[in-house]
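These notes are about the structure you will find just below.
Model, not experiment: these values are computed from the prediction. In what follows, chains are A, B, ... by sequence order, proteins preceding strands, each numbered from 1.
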Amino acid sequence: MSKKTLTLMSKDKQLFNIEEHLAVQSVTIRNMVKEDGASSVIPLPRVDSETLALVIEYLNRQQAPEEDEDYVKKFVDERGEIPTLLELAQAALDLDIKKLMDAACMKVADLIKDFTLEEVREALRIENDRTPEEEKAIRDEFQWAF
Amino acid sequence: MANRKKITLPELSPEIVLFHILPKLPGKSLLRFKCVCKQWQSFLTTPLFANIHLHHVTNVDRSRHEKVIILRNRFTSFETIDCEDALLCYPFGGYNLIFVSSVTVNGLVCLGIEQRNTNEVFDFDIILWNPLTGEYKTLPKPSGVYQYNMFELYYTCSDDDYKILSINNHGNVYIYSLRSDSWRMLESRVEDHIPYVAAGDHNLLDGKLHFLRDLAQKEGESPGWLSRTWIIEMWRMNGDGGWTNMVNISYTHYDNRIRPLHLMRNGNLIMRTEKDDCSEICKVDPQKNTVDVLCSRPKMDFTPMYIETFVSPNQYGVN
């Protein structure tokens, strides 16, 4: 009996094949398959090919359920760069793969928890819209945390 | 310029950052990160965020967030010890403490604070306090209850309410509800159910208050430091007043002055010991057989376990 294969297309138009029973760990893909049978290519216009390759590597894992938790942690640990983790988290959110998204976000949180304010803004692409006075008011209120 | 592409990517949604990354950060980092931008500051003070963060620290990741909070009555200061890093922090100071409930609930602590009025007459306030955010609420006091009575904070899921149970020296039970911001007295007295309950011999397990009753004490034996047999009954207080006998234990114990506080994920133990006139919080490494004293204080009075949350004591808006 041959296993059914799906084709996913990244933002930069690269094609990836994956067995359907593995792909439907993504709730988003599962719903698409249910709706229209998904015989053709599934476009993922927000996910670039580098990130999609990672997601597919994760979906293809062959892990016993009891080892899965450790595997997800290790999987994100090995990709410890914040930009990669953020994109992985975003793709996992869009594709609704909860475990992967939680693990990637947990890793980001661990990495940034001791960052300076400027480092946090840079890592998460946030613009500083605080005046120095506003910042000082918070510093004064929660002095012990700084 | 290799990173340029990543930095300018427009696809990172606020949802990822606000709902999935921020709630996983420690409380201390979050206080600092209020400075990052206006959106973060306003989001971090919403009840929605308090709930998401609370869910994470209580259901997903509790052991990483557990702390010992050290509250001393004569030294007017508060300290916390982070159980996983075994580090000491000094966040607060400036109150004169009378009592504190032995349990903290969802990051809230119930305190009794000394209040001296102009006539130098001793009085006290009951405070519900979030040590992380510094937010507090002064609660009304029931008549017939004094500062040396027992005050215990707990939470009831069924009506999403924080409650305080107080038992006075006549065995009358009073229950405070944060939602209604009022006290009521129960019809049945606690001594009808569990006589000889001693303050300190109770704990919050699975969200319900459990009391220990020492039968040996009832039979007139003096509780000394030497080995003796303890006969213990554990009673659970159900919701608002019913009692169930849960466990009966009989065991021989040498010293009741060591108390485990937290089992670290690396197998080490945080515990409290008493030595003559001082209390110590220690980290014990069973593998290396070493004991590190994290802090030693002249008689610590209260060291409840504590987690940092953003839960507001003023969330129900009643004044």
Side-chain angles (χ1 to χ4, degrees), chain A residues 11-12 44-48 50-51 81-94 98 100-132 134-146, chain B residues 2-42 44-45 52-53 56-57 60-61 64-65 77-80 82 84-85 88-93 131-135 308:
Chain A
K11 181 170 72 178
D12 43 339
L44 301 170
R46 281 156 60 104
V47 186
D48 67 25
E50 263 171 68
T51 311
E81 297 274 309
I82 291 177
T84 311
L85 289 168
L86 287 174
E87 286 184 40
L88 195 57
Q90 186 65 55
L93 178 74
D94 291 345
K98 191 169 183 316
L100 181 61
M101 184 203 58
D102 277 338
C105 290
M106 189 72 233
K107 182 73 188 169
V108 174
D110 272 348
L111 289 169
I112 66 170
K113 68 178 197 291
D114 297 320
F115 274 18
T116 64
L117 298 175
E118 210 33 68
E119 285 169 336
V120 173
R121 291 184 191 118
E122 199 183 309
L124 300 183
R125 307 157 202 169
I126 291 165
E127 210 176 303
N128 183 10
D129 55 2
R130 306 242 70 141
T131 63
E134 286 168 333
E135 190 174 316
K136 188 175 177 302
I138 299 170
R139 276 178 190 275
D140 289 348
E141 188 179 356
F142 299 108
Q143 222 169 13
W144 69 276
F146 284 85
Chain B
N3 285 334
R4 190 74 198 151
K5 178 198 136 223
K6 302 280 187 188
I7 289 164
T8 53
L9 265 182
E11 281 91 347
L12 190 63
S13 67
E15 185 185 348
I16 274 283
V17 175
L18 299 180
F19 290 86
H20 299 290
I21 295 175
L22 291 186
K24 296 181 174 66
L25 284 163
K28 193 175 161 181
S29 305
L30 287 169
L31 290 184
R32 272 197 312 125
F33 292 173
K34 281 184 170 190
C35 289
V36 167
C37 64
K38 286 179 180 162
Q39 186 191 36
W40 283 27
Q41 191 192 0
S42 54
L44 289 173
T45 50
I52 301 172
H53 184 261
H56 183 76
V57 297
V60 186
D61 211 14
R64 288 164 60 98
H65 293 269
S77 73
F78 301 96
E79 300 164 298
T80 60
D82 186 311
E84 282 301 321
D85 295 340
L88 192 61
C89 265
Y90 302 84
F92 314 103
L132 179 68
T133 63
E135 230 188 318
E308 289 178 338

### Atom of B:F33, atom of A:F115 and distance for their closest heavy-atom approach
CE2-O, 3.7 Å
#### Entry: Nearest heavy-atom neighbours spanning A:K113 and B:S29
O-OG, 2.9 Å
#### Entry: Engaged part of A:L124 at the chain B interface, taking heavy atoms whose separation is under 4.5 Å
both
## Note on the structure
Rounded to the nearest 0.5 angstrom, the CG-NZ distance for A:L117 and B:K34 is 13.0 Å
### Task
Please assess A:R130 against B:Q41 for the test side chain to side chain contact (heavy atoms under 4.5 Å, CB included), listing each intermediate value before the final yes or no.
CA-CA 10 Å; A:R130 306 242 70 141; B:Q41 191 192 0; 2.5 Å; yes
### Query
Quick one: are A:I112 and B:L25 in side-chain contact, heavy atoms under 4.5 Å?
yes
### Message
Contact between B:K24 and A:D102 at the side-chain level, heavy atoms closer than 4.5 Å - yes or no?
### Response
yes
### Summary
Under 4.5 Å to a heavy atom of chain B? For A:L93 that would be side chain
### Task
Would you please test A:M101 and B:I16 for side chain to side chain contact (heavy atoms under 4.5 Å, CB included) and show each step?
CA-CA 9 Å; A:M101 184 203 58; B:I16 274 283; 4.1 Å; yes
### Message
Just verifying a value: how many Å separate B:R32 CZ and A:T116 OG1, rounded to the nearest 0.5 Å?
### Response
7.5 Å
### Message
Heavy-atom cut-off 4.5 Å, strictly under: side chain, backbone, both or neither for B:V36 against chain A?
### Response
both
### Message
Does any backbone or side-chain atom of A:E127 lie under 4.5 Å from a heavy atom of chain B? Answer side chain, backbone, both or neither.
### Response
backbone
